[in-house]
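Here is the structure we will look at.
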Amino acid sequence: TRNLLLVSTCLGVLPWVHARFLLFPPLFLAFHLLRLRRDGATRPLALAALLPALLLIAGFEVYNLIVWHTLSPAPNQISIGAVPFQKNPLPGLVGTVMDPGIGVIPNFPIFLLVLPGILLTTSRRWWSLHIQIAALVLPYTLVVCSFTFWDGGWAPPARFAAVILPMLSAYVALARPRFSRGQR
């Protein structure tokens, strides 16, 4: 119970840290509840997994209503017009991945192992991992790469991708041993 309360609290704190984390608490909580259900958890355990996060997110909405006079979870972004789906996400994605100065691959070339990691894990055993990572990474990437204010020196794209890179490290970890054996 203590661990569930701690995890739920951490998920509830994410929106307070930055609006870019808004997508993660609902998805992680859903994954967490599915896991608890699969393991046959009791109702008190499910409440321990949900209640702190829901209270913190509700508190965040109350804060936004009092301070910003809106229930929008990202009022500081919306007030300056920084909303997603205003631009074609493809240039943003290419820049995020390949920009020589601030892109993910030039700065973190180890992430070149993500695609081989995905390809090496195509059996049914890995589908759960693929679904969970895709549910987190794809919407976030689409949102970030379609912002109107993506371009500009103050908003390097790899800074936004840093949020999802730890999730992709599972594929790097799966691919690395196979590539390391080939270099001996």
With the 4.5 Å side-chain cut-off for hydrophobic clustering, are [X] and [Y] part of the same group?
X    : Y    : answer
M98  : I110 : yes
V163 : L22  : yes
V114 : V137 : yes
L14  : L33  : yes
L5   : L11  : no

Problem set entry | Residue pairs fulfilling ring pair (Phe, Tyr, Trp, His ring centres under 6.0 Å) with at least one residue in residues 35-61, sequence neighbours excluded |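 Every ring pair (Phe, Tyr, Trp, His ring centres under 6.0 Å) pair that includes a residue of residues 35-61, provided the two are not neighbours, is W16-F60.
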
Exercise. Does OH in Y63 sit with more than 12 non-hydrogen atoms of other residues, nucleotides or ligands closer than 6.0 Å?
Worked result: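 Counting other residues, nucleotides and ligands, OH of Y63 stays at 12 neighbours or fewer.
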
Give, for atom [atom1] of [X] and atom [atom2] of [Y], the distance between the pair rounded to the nearest 0.5 Å.
X    : Y    : atom1 : atom2 : value
T121 : H130 : OG1   : NE2   : 3.0 Å
L113 : Y171 : CG    : OH    : 14.0 Å
L168 : L115 : CG    : CG    : 11.5 Å

Exercise. Is the side chain of S146 donor-acceptor paired with the backbone N or O of P89 at a distance under 3.5 Å, no angle test?
Worked result: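 Side chain of S146 to backbone of P89: no pair is present.
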
Exercise. Can you check whether L4's main-chain N or O pairs, donor with acceptor, with S8's side chain at less than 3.5 Å?
Worked result: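 No, the answer is negative, given that no donor and acceptor are paired below the 3.5 Å cut-off.
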
Problem set entry | Intermediate values then yes/no, side chain to side chain contact (heavy atoms under 4.5 Å, CB included), V104 and L165 | CA-CA 9 Å; V104 173; L165 292 179; 3.9 Å; yes

Heavy-atom distance under 4.5 Å between the side chains of [X] and [Y], does that happen here?
X    : Y    : value
V144 : R20  : no
L136 : F24  : yes
L174 : L129 : yes
R2   : L6   : no
P44  : T1   : no
L142 : F85  : yes
T70  : L65  : no

Of the non-hydrogen atoms in [X] and [Y], which two are nearest, and what is the gap between them?
X    : Y    : result
L47  : P52  : O-CD, 4.1 Å
F28  : M167 : CZ-CE, 4.2 Å
L45  : L36  : O-CD1, 4.2 Å
T141 : I164 : OG1-CD1, 3.4 Å
C145 : T96  : SG-OG1, 3.7 Å
P25  : I57  : CB-CD1, 3.9 Å

Exercise. Taking only residues at least two apart or on different chains, which pairs with a member in residues 35-51 satisfy salt bridge (charged side-chain N to carboxylate O under 4.0 Å, His left out)?
Worked result: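 As it turns out, the salt bridge (charged side-chain N to carboxylate O under 4.0 Å, His left out) pairs with a partner in residues 35-51, which skip direct neighbours, are R35-D39.
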
Exercise. Would you call the rings of H18 and F21 parallel, tilted or perpendicular, where under 30° means parallel and over 60° means perpendicular?
Worked result: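 Perpendicular: the ring planes of H18 and F21 meet at over 60°.
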
